[in-house]
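The structure that follows is given in the form of structure tokens.
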Protein chains: 2
Amino acid sequence: MFRGITNLNIDTKGRLAIPSRYRDVITTEASGHIVVTVDHTDRCLLVYPMNEWIDLEQKLMKLNNMHRRARNVQRLILGHAHECDLDSQGRILVPAPLREYAGLAKKAVLVGQMKKFELWDAEAWQKQTEAMIEEARSDDFDMDESLNQVSI
Amino acid sequence: MFRGITNLNIDTKGRLAIPSRYRDVITTEASGHIVVTVDHTDRCLLVYPMNEWIDLEQKLMKLNNMHRRARNVQRLILGHAHECDLDSQGRILVPAPLREYAGLAKKAVLVGQMKKFELWDAEAWQKQTEAMIEEARSDDFDMDESLNQVSI
DNA sequence: ACCTATGTGGGGAGAAGTGGGGAATTGTGG
DNA sequence: CCACAATTCCCCACTTCTCCCCACATAGGT
């Protein structure tokens, strides 16, 4: 399970060093194979070890693609999914189109989300955090019922 | 399985270089035979390795063509299908009528969709992406029920 | 204070993408 | 049936990208 947040830099060639504390898991569980794709609602990237990715991919492929909504989710998530293997220094090369999608320049933030990571441009993450706090403050309960069941 | 997005250029002769990471599979599985056809819902092209195309073709031919919808899908998909083999440099020549259908000029985007690729004009893809994000953001659940079951 | 592990940056070889010349093939009209 | 035009395909040249390697900088632990 991936937890926690890491600030890191993407170099001029678009490379990103995966924090070393995660490398062992990724190497053993996924043979160092990583899949990067886009998030379909926010301008950030999702980073999966290959084994976890395969699970998701299977589920997405089973969707009936005669439905527009499902087809579009497939287009976005499967369509942007790119295999990025760890190089000899434990880095991955994030493809240019994906960097553009997420507005990634130099400073980036890697956020552990259990089975995957989210990868944000530092500035975008900053704003997103503020927006999320603001939203959570408001007491309204028109939210997904299941959330009300959780005591934090 | 084809994944990921590639920006590429179509040259003045209408040739398109298939990214090298896919060539091996196409050569071994389909002897380098590729079929290009149109998508029946969007202005983009579909690119199949021959073996996958055969499957689809069989399915489409079995459709009861007394139904207008089915007959039109057959007309579009089967009718526009064109075999485009890899040349010695790993490129295919996209026939002019298909390029026109998809509005393909110079800049194009090749989107891996598991068993096939979608080929979009760069600008059209850009717009499509934005529209898809916008749609995914809206929380309504009028969508295909199966999509709600998937946790991304 | 030293050493090791980790993050960061860049040089350079080789692979991959791009573009055009020109021969071979196909198709069309006379 | 032939001549001409258009298209397709092979080949070569050039540019860009990817990946391996090495080097340094920084931080944390001993």
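Scope of the values below: all heavy atoms of this structure, side chains included, with no hydrogens, waters or symmetry mates.
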B:Asp85 CG to D:dC10 C1', straight-line distance once rounded to whole Å: 15 Å

From B:Ile10 atom CD1 to B:Leu119 atom CG, the distance as rounded to the nearest 0.5 Å: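 It is 5.5 Å, given to the nearest 0.5 Å.
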
Residues in salt bridge (Lys or Arg N to Asp or Glu O under 4.0 Å) contact with A:Asp85, at least two apart in sequence or another chain: none

Take the protein atom CG of A:Leu98 and the nucleotide atom P of D:dT18, then report the distance between them rounded to whole Å.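 Rounded to whole Å, this separation is 12 Å.
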
Going by the rule side-chain hydrogen bond (donor to acceptor under 3.5 Å, both in side chains), which residues pair with B:Gln126 if we only count those two or more places apart in sequence or in a different chain?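 B:Gln126: side-chain hydrogen bond (donor to acceptor under 3.5 Å, both in side chains) contacts with B:Glu130.
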
CG of B:Leu93 versus P of D:dC11: gap in Å, rounded? 17 Å

Residues which pass side-chain hydrogen bond (donor to acceptor under 3.5 Å, both in side chains) with B:Glu118, listed by chain and number, not counting sequence neighbours: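 Expected list: A:Arg75, B:Trp120.
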
Give every donor-acceptor pair under 3.5 Å between a side-chain atom in residues 97-111 of chain B and any protein atom, sequence neighbours left out.
residue  : atom : partner : partner atom : Å
B:Arg99  : NE   : B:Val94 : O            : 2.8
B:Arg99  : NH2  : B:Val94 : O            : 3.2
B:Tyr101 : OH   : B:Asp39 : O            : 2.9

Show the atom names and distances, to 0.1 Å, of all donor-acceptor pairs under 3.5 Å that link a side chain in residues 46-63 of chain B to residues at least two apart or in another chain.
residue : atom : partner : partner atom : Å
B:Trp53 : NE1  : B:Glu57 : OE2          : 2.9

If the sugar-phosphate is the primed atoms plus P, OP1 and OP2 and the base is the rest, what is the B/S/- string for nucleotides 16-24 of chain C, using protein heavy atoms under 4.0 Å? SSSBBBB--

What is the distance, to the nearest angstrom, from the CD1 atom on B:Ile92 to the P atom on D:dC10?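 Rounded to the whole Å, the gap is 14 Å.
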
With sequence neighbours left out, write down each residue that passes side-chain hydrogen bond (donor to acceptor under 3.5 Å, both in side chains) with A:Asp87, or none if nothing qualifies.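 If we apply the side-chain hydrogen bond (donor to acceptor under 3.5 Å, both in side chains) test to A:Asp87, skipping adjacent residues, there are no hits.
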
I'd like to check the side-chain hydrogen bond (donor to acceptor under 3.5 Å, both in side chains) partners of B:Glu83; sequence neighbours left out, ordered by chain and number.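 Here the qualifying residues are B:His33.
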
Under 3.5 Å, side-chain donor or acceptor atoms of residues 17-24 of chain B against the rest of the protein: list the pairs with distances, not counting sequence neighbours.
residue : atom : partner : partner atom : Å
B:Arg21 : NH2  : B:Thr6  : OG1          : 3.2
B:Tyr22 : OH   : B:Arg3  : O            : 2.5
B:Arg23 : NE   : B:Ile18 : O            : 2.8
B:Arg23 : NH2  : B:Ile18 : O            : 3.0

side-chain contact (heavy atoms from CB on, under 4.5 Å) partners for B:Arg69, two or more places apart: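 Here no residue qualifies.
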
Could you write out DNA chain C as a dot-bracket string, with dots for unpaired bases, | for bases paired across to another strand, and Watson-Crick or G-U pairs counted at under 3.5 Å? ||||||||||||||||||||||||||||||

Could you state the CG-C1' distance from B:Leu16 to D:dT8, rounded to the nearest angstrom?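 In whole Å, D:dT8 C1' lies 16 Å from B:Leu16 CG.
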
Rounded to the nearest 0.5 angstrom, the CG-CG distance for B:Leu16 and B:Asn9 is 9.5 Å

Separation of A:Leu110 atom CG from C:dT8 atom P, in whole Å? 12 Å

Could you run down the sub-3.5 Å N/O contacts of the protein with nucleotides 27-29 of chain D?
none

